[in-house]
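A short write-up of the structure that comes next.
We name chains A, B, ... by the order of the sequence lines, and we start the count at 1 in each one.
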Protein chains: 2
Amino acid sequence: MADDTKNTDQSVDFGILNNLVGYRLRRAQLNFFSKFSEVCSDLGISPGLFAIIAIVERNPGLTQTAVAQALGNDRSAMVAAVDKLEKMDILERRPAVNDRRSYALFMTKYGKKFFQTLSGRVMDHEKNMASRLESEQELEWLLKTLDILSQ
Amino acid sequence: MADDTKNTDQSVDFGILNNLVGYRLRRAQLNFFSKFSEVCSDLGISPGLFAIIAIVERNPGLTQTAVAQALGNDRSAMVAAVDKLEKMDILERRPAVNDRRSYALFMTKYGKKFFQTLSGRVMDHEKNMASRLESEQELEWLLKTLDILSQ
DNA sequence: TTGATATTGGTGTAATGCTAAACTGTTTAG
DNA sequence: CTAAACAGTTTAGCATTACACCAATATCAA
């Protein structure tokens with residue numbers, strides 16, 4: 001086997017791929033990403049930007065670097081992201097009180113309201129996906145398992 | 001709340017993010033990706049290239065477009081990938097027997113041996129990650145759940 | 001047969017995300 | 001005071017993705 005001359009393409013054998021957690025993770029994540037875009041693209045928010053907003057909303061006053069470390073991003077990638085969010089009037093940079101090198105990030109008044117709309121949509125999307133699972137326990141188990149695989 | 005002046009960054013509150021399947025999927029997938037790179041970077045194989053090889057190995061004779069469709073890639077992305085794999089003497093393009101537009105993809109003799117080495121490393125990596133789970137059943141359940149979330 | 005249409009491999013391009021290096025200004029340690 | 005470390009920024013390179021486009025070929029209806 002593995003030396004035929006033709007394949008009618010009716011059904012493709014994924015072989016080893018089907019049993020790889022890494023491959024299935026990628027497929028699932030791509031699906032979440034595209035669904036997220038459908039839900040939030042008109043708001044101009046990508047998953048990466050949403051994560052930044054969510055962190056700042058819960059942790060006002062963090063520096064750019066602190067947010068980057070929390071999310072596992074590179075510091076330099078924060079610049080364009082925060083620039084964009086500042087132009088959208090969602091976040092604002094304020095000079096850090098005791099360190100003139102750094103900025104502290106805060107939500108604007110509009111940003112706080114915007115986050116309510118945004119997180120509402122994201123939660124709807126999450127609940128929609130989670131409804132495919134069989135129980136609340138299964139969801140908890142999935143979250144825990146994904147966390148274990150993230151380290 | 002949400003209006004402090006300073007954050008000591010001792011511990012960041014991830015808020016809603018911690019309960020989002022989408023976010024945890026992304027973290028887990030990034031971790032798998034980086035571990036995969038550690039294991040296979042010296043062979044010059046990325047996860048995307050590995051998927052192509054795995055498909056061709058199990059389905060010799062598929063056209064480029066068929067492989068792209070199976071993996072959910074864009075056709076145009078296949079060109080550079082197959083070019084690279086042909087230069088590495090892993091795959092080869094042969095003219096399709098009944099369609100002069102298309103090429104059929106086959107493993108080379110060296111490619112078959114290369115795939116054994118490659119898939120061995122990938123399986124080691126997979127087993128290492130899967131060992132964090134509590135049972136074989138849990139792995140099966142995870143694969144099934146990720147598949148459900150991919151559609 | 002002819003002619004319209006679809007498909008395949010391929011090219012070019014733009015947008016994105018991720019990394020790494022280097023630079024300025026600032027803080028900290030010795 | 002000096003040297004090292006750090007924050008933000010810019011720039012570059014790289015891979016991935018998406019889209020429009022082309023030439024050659026295939027398909028199908030008239």
Side-chain angles (χ1 to χ4, degrees), chain A residues 6-7 9 23 26-27 29-34 36-38 40-41 44-52 56 61-87 91-105, chain B residues 6-9 23 26-27 29-38 40-41 44-52 56 61-87 91-105:
Chain A
K6 185 79 187 304
N7 190 311
D9 188 13
Y23 178 71
R26 180 166 174 270
R27 295 296 291 251
Q29 201 247 322
L30 284 177
N31 188 39
F32 265 76
F33 189 96
S34 80
F36 186 101
S37 297
E38 287 174 16
C40 297
S41 63
I45 297 296
S46 66
L49 291 179
F50 176 77
I52 293 174
V56 173
L62 282 187
T63 65
Q64 292 186 189
T65 298
V67 175
Q69 285 176 342
L71 293 173
N73 294 339
D74 194 281
R75 288 202 319 273
S76 61
M78 292 292 295
V79 181
V82 176
D83 282 353
K84 181 172 181 179
L85 293 175
E86 231 179 3
K87 274 177 192 156
L91 301 185
E92 64 176 345
R93 285 183 242 233
R94 298 183 200 164
V97 288
N98 52 0
D99 190 335
R100 281 183 290 177
R101 291 174 302 181
S102 55
Y103 294 112
L105 300 180
Chain B
K6 187 81 185 302
N7 190 311
T8 52
D9 189 13
Y23 178 71
R26 180 167 175 271
R27 295 297 292 249
Q29 201 247 321
L30 283 177
N31 187 39
F32 265 77
F33 189 95
S34 79
K35 295 270 172 61
F36 186 101
S37 298
E38 289 175 15
C40 297
S41 63
I45 297 297
S46 66
L49 291 180
F50 176 77
I52 294 174
V56 173
L62 282 186
T63 65
Q64 291 186 189
T65 297
V67 175
Q69 284 176 343
L71 293 174
N73 294 339
D74 194 282
R75 287 201 323 271
S76 63
M78 291 292 295
V79 181
V82 175
D83 282 353
K84 181 173 181 179
L85 292 174
E86 232 179 2
K87 276 177 191 157
L91 301 184
E92 63 176 346
R93 288 182 239 233
R94 298 184 200 163
V97 286
N98 52 1
D99 190 335
R100 280 183 291 177
R101 293 173 303 179
S102 53
Y103 294 112
L105 300 179

About how many Å separate CD of B/Q29 and OG of B/S34, when rounded to the nearest 0.5 Å?
10.0 Å
Measuring from A/F36:CZ to A/F50:CZ, what's the distance to the nearest 0.5 Å?
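A/F36 CZ to A/F50 CZ: 6.0 Å, rounded to 0.5 Å.
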Under 3.5 Å, which donor-acceptor pairs link side chains of residues 72-79 of chain B to any protein atom two or more places apart or in another chain?
residue: B/D74; atom: OD1; partner: B/S76; partner atom: N; Å: 2.9
residue: B/D74; atom: OD1; partner: B/S76; partner atom: OG; Å: 2.7

For B/Q64 and C/dG10, is the shortest distance between a side-chain N/O and OP1 or OP2 below 4.0 Å?
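Checking B/Q64 against C/dG10: at least one side-chain N or O falls below 4.0 Å of OP1 or OP2.
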Between the main-chain N or O of B/R93 and the side-chain N or O of B/E86, is there a donor-acceptor pair closer than 3.5 Å?
yes
Polar side-chain atom of B/Q64 near backbone of B/A104 as donor-acceptor pair, under 3.5 Å:
no
When every nucleotide of nucleotides 18-30 of chain C is labelled 5' to 3' by its protein contacts under 4.0 Å (heavy atoms), B for base, S for sugar-phosphate only, - for none, what sequence of letters results?
SBB----BBS---
What I want to find out is whether A/E92 reaches A/R94 closely enough, with some N-O distance under 4.0 Å, to be called a salt bridge.
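A/R94 and A/E92: salt-bridged.
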Nearest-angstrom distance from the residue atom CD1 of A/I45 to C1' of C/dG17
16 Å
Would you kindly give the CG-to-P distance between B/L62 and C/dT8, to the nearest whole Å?
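Checked: the CG to P distance equals 13 Å.
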Would you say that B/L49 contacts B/L85 through its side chain, given a criterion of any heavy-atom pair below 4.5 Å between the two side chains?
yes
Report yes if the side chains of A/Y103 and A/L62 come closer than 4.5 Å at any heavy-atom pair, otherwise no.
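A/Y103 does not reach A/L62 side chain to side chain.
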Chain A contact limits on DNA chain D, taken 5' to 3' with a cut-off of 4.0 angstrom to heavy atoms
D/dC6 to D/dT17
Nearest-nucleotide comparison on DNA chain D, the residue closer to the 5′ end among B/P47 and A/V82:
A/V82
